[in-house]
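A quick write-up on the structure given underneath.
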Amino acid sequence: MSDIIHLLPDHIANQIAAGEVIQRPASVVKELMENAVDAGAEHVTVNIKDGGRSLIQVIDDGKGMSETDARMAFERHATSKIKDAQDLFSLYTMGFRGEALASIAAIAQVELRTRLKNTELGTKLLISGSNLDSIEPDACAEGSVFSVKNLFYNVPARRKFLKSNETEFRNILTEFERVALVNPEIEFVLYHNDTVVLNLPISGLRQRVINIFGKKLNQRLLSFDISTSVINIEGFISRTDTVKKKGYLNYFFVNGRYMRHPYFHRAVMQAYEPLIPTGETPDYFIYMTIDPSTIDVNIHPTKTEIKFENEQPIWQIISSAVREALGKANAVPTIDFDREGAIDIPVYNPNKQTVVSPPKIDVNTSYNPFRSTSFDQKPYNQQDWEKLYKGFEEERTILPDKQTEQINADIQNTPFSDEEDMFSDVANPCFQYKNRYIITPLKSGLVLIDQNRAHIRILYDQYISNIKLKKTASQQILFPEIVEFTPAEAALLPLLMEQIQWLGFDLSPMGNCCYSVNALPVGVYDRNPVELIKELVNSAADHDGKLENEIAEKLALSLAKAAAIRPGKKLTIEEMEAIAAALFSSQSNNLTPDGKTIMFVLTDDELGKRFK
């Protein structure tokens, strides 16, 4: 008799199911918050400790559960939402996944305290690793309190691969925001290590968005609302003058559920394309209501990808709604008919006899351009030409601006390489082509340098050196600026603060996710401090806190791109020489930190072949 095939014990099967449902602490928060919403809660509190490692607690004032229901809730495939297969295609609720609580209980220590409304006693239940430790009556409040402790305590391999506390908490914040954005009729409060991170009172949809992402967003949002026989869509999009390359907010919701949908994202972007620069993305919060029988939410384990029956018509509706909202806000350029200061043109009257005469031009027929008075009365003087030439010489000795002073300061006392020796021997070293490229003769030919990319490499090397050596060069701001971060950005700041400091920034916490910018790095005087620091934080948002070197490199590159000389800037000889000398002293002068070519060498042999 063969014994190759056998059934897995329940606790192992639950751990396998948990691997699909519970990927990290944020997955637990999502499942428990959705259950609280479906339970009819009006107030939901989420307590997090150590990024979810030690504790995830979700408290709601929903309808609660009886002792029997509390026990059944942790069984696999147990749910209150589905009675037959047809119910899968008519669900408006979210917390119907049958293995969610069973998966959580399989890889953590769970305590549930729950009480039905209008009952005297509730139930306290303790489960560890799918094993029921105890169940007893409890004098708890109406609703439910789920406490998940020591996540992955019995699966050390999974616990070892959790990210830093800051990274895990940012993922929790993301899930918290997604649930809160679509349920403005519920009050949500989020604590991390006993500190209030978000307190969202009951409000309207627009106010909920503002409460999460800051008051400044209110001025940038345009609202729209459209109803059709296929779908109802409402929401908010950003004005065309507030689009961003990084840190944009893109949210789609369907029947109260967050989703990602690249096809519909393209519909929004196509409406914006003629109005915004390439590579920039608007913020949008789009809420859809549709017959649940026309969508399939079970094509992805996390249910963030949804299949639509009528994708193409919905695509057109979304694009039209966005275009209409932009048009109503005068985002599309219009003809200005303002007549103030315009020439008064009389209205044509065909019954009135008027004589129209052609315009007359006075011409001096005796003028001869070759008989200038100055030349007739004053003979040619060589000293006049010398004065004119002297003017050009004086123009070449214009004092370099602050940016050039910084470049010169960066390359002082730097030992030159052999390439620099070739460069320094040339009598007329630098020329600028189209205010974008620097042409420099070498002993073996010509080198063409992209001035923007070269400066990025120079600044990047300097910033990386400052971070490693823990030294900085900063300039105090006369009037400090206040920058407001989102909770997710503020949660990332402690991880970045040291690197940001050595780059030359000085930030002081002001409370409520606000910081005062007191100083900036030398050489970025013309940049908006608020936008600059937001760009830096967003550039590091996708990196794990354990990879400090990668974060430092990302911050240094972002700041170098912001501070570098722009293409199209006319440079003096001194500026070009400073850039070329600093570039040749770099250990990696051929490529920018993100892999773009900085210079191209045209050898004498190649030039000779061109003239054959």
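Keep in mind that what you see is a predicted model, and the values were worked out from it rather than measured.
- Salt-bridge check for K30 with E34: passed, with a basic side-chain N closer than 4.0 Å to an acidic carboxylate O.
- With N589 contributing its side chain and S585 its backbone, the two residues share no donor-acceptor pair below 3.5 Å.
- Here F285 and F213 bring their ring centres to under 6.0 angstrom of each other.
- Open room surrounds OH on Y248; 12 or fewer heavy atoms of other groups in view lie less than 6.0 Å from it.
- Annotation: side chain of E42 is not in contact with side chain of I186 (no heavy-atom distance under 4.5 Å).
- The local environment of NZ in K149 is sparse, with at most 12 non-hydrogen atoms from other residues, nucleotides or ligands closer than 6.0 Å.
- Of all heavy-atom pairs between A519 and Q476, the closest is CB-NE2, 3.6 Å.
- Counting only distance, with no hydrogens or angles, the side chain of S27 and the backbone of I22 share no donor-acceptor pair below 3.5 Å.
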Working for side-chain contact (heavy atoms from CB on, under 4.5 Å), residues V243 and T281: CA-CA 5 Å; V243 294; T281 305; over 6 Å; no
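- Within the 3.5 Å criterion, the main-chain N or O of L222 finds no donor-acceptor partner in the side chain of R239.
- Within the 4.5 Å cutoff, side-chain heavy atoms of I464 are placed close to those of K468.
- Closest non-hydrogen pair, G51 versus I172, comes out as O-CD1, 3.6 Å.
- V517 and P529 get closest at one heavy-atom pair: CG1-CB, 4.2 Å.
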Show your reasoning for whether side-chain contact (heavy atoms from CB on, under 4.5 Å) applies to V37 and M33. CA-CA 6 Å; V37 171; M33 288 185 68; 5.6 Å; no
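- With hydrogens and angles disregarded, no donor-acceptor distance shorter than 3.5 Å links the side chain of E577 to the backbone of E574.
- With respect to K216 and E484, no salt bridge is recorded, no charged nitrogen being found less than 4.0 Å from a carboxylate O.
- Judged as a salt bridge (Lys or Arg N to Asp or Glu O under 4.0 Å), the pairs with a partner in residues 590-601 (not counting sequence neighbours) are, in order, K561-D594.
- Looking only at atom types and distance, the side chain of R206 has a donor-acceptor partner in the side chain of N218 under 3.5 Å away.
- Residues V483 and C514 form no side-chain contact, since every pair of their non-hydrogen atoms from C-beta on lies 4.5 Å or further apart.
- For the pair V209/L221, a side-chain contact is recorded, criterion being any heavy-atom separation below 4.5 Å from C-beta on.
- The shortest side-chain heavy-atom distance between V447 and I439 does not fall under the 4.5 Å cut-off.
- At least one side-chain heavy atom of N590 sits less than 4.5 Å from a side-chain heavy atom of M599.
- Sorted by first and then second residue, the side-chain hydrogen bond (donor to acceptor under 3.5 Å, both in side chains) pairs with a member in residues 266-276 read R266-E273; sequence neighbours excluded.
- In this structure, a donor-acceptor pair under 3.5 Å is absent between the side chains of R566 and N452.
- There is a side-chain donor-acceptor pair under 3.5 Å between Q451 and Q432.
- By the ring pair (Phe, Tyr, Trp, His ring centres under 6.0 Å) test, H261 pairs with F264, F308, sequence neighbours left out.
- Enclosure of atom OH in Y153 by more than 12 non-hydrogen atoms of other residues, nucleotides or ligands within 6.0 angstrom is indicated.
- Rounding to the nearest 0.5 Å places CD1 of I438 at 15.0 Å from OH of Y433.
- A donor atom on one side chain and an acceptor atom on the other are found under 3.5 Å apart for Q207 and N211.
- Scanning both residues, R323 and A271, for their nearest heavy atoms gives CG-CB, 3.6 Å.
- A distance-only check finds a donor-acceptor pair linking the side chain of D61 to the backbone of H43 [under 3.5 Å].
- With S586 contributing its side chain and S588 its backbone, the two residues share a donor-acceptor pair below 3.5 Å.
- Put simply, CD1 on I598 and CD1 on I449 are 9.0 Å apart, with the number rounded to the nearest 0.5 Å.
- To the nearest 0.5 angstrom, E175 atom CD is 12.0 Å from L32 atom CG.
- With hydrogens and angles disregarded, no donor-acceptor distance shorter than 3.5 Å links the side chain of R170 to the backbone of A491.
- Heavy-atom minimum distance, P593 versus I456: CD-CG2, 4.2 Å.
- A donor-acceptor pair under 3.5 Å is absent between the side-chain atoms of S558 and the main chain of L555, judged by distance alone.
- Considering only residues two or more places apart in sequence or on other chains, E489 meets the salt bridge (Lys or Arg N to Asp or Glu O under 4.0 Å) condition with K534.
- To the nearest 0.5 angstrom, F584 atom CZ is 12.0 Å from I579 atom CD1.
- Under the rule for a salt bridge (Lys or Arg N to Asp or Glu O under 4.0 Å), the partners of E535 that lie at least two apart in sequence or sit in another chain are R527.
- Partners of F252 according to the ring pair (Phe, Tyr, Trp, His ring centres under 6.0 Å) rule, which considers only residues two or more places apart in sequence or in another chain, are Y284.
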Test side-chain contact (heavy atoms from CB on, under 4.5 Å) on N250 and V268; report intermediate values, then the result. CA-CA 10 Å; N250 293 164; V268 177; over 6 Å; no
Please report the C-alpha distance between F152 and F161 in whole Å, then the side-chain angles of each, then the deciding distance to 0.1 Å, and finally whether the ring pair (Phe, Tyr, Trp, His ring centres under 6.0 Å) criterion is met. CA-CA 10 Å; F152 297 122; F161 283 100; over 10 Å; no
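- Panel note: side chain T195, backbone Y191; no donor-acceptor pair is recorded below 3.5 Å.
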side-chain contact (heavy atoms from CB on, under 4.5 Å), that's the test. Do L557 and Y463 meet it? Break it down for me. CA-CA 8 Å; L557 177 58; Y463 295 147; over 6 Å; no
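- What you find for R208 and L181 is that their closest heavy atoms are CG-CA, 4.1 Å.
- Here L151 contributes atom CG and L55 contributes atom CG; the two are 11.0 Å apart, rounded to the nearest 0.5 Å.
- Taking CZ of R158 as the reference point, atom CD of Q23 lies at 7.5 Å (rounded to 0.5 Å).
- By the 4.5 Å heavy-atom criterion applied to side chains, L173 and L190 are counted as neighbours.
- N193 contributes a side-chain N or O that, together with a main-chain N or O of D50, makes up a donor-acceptor pair within less than 3.5 Å.
- Taking the side chain as every heavy atom from C-beta outward, L559 and L536 approach each other to under 4.5 Å.
- Checking N518 against S508 by side-chain atom types alone, a donor-acceptor pair falls below 3.5 Å.
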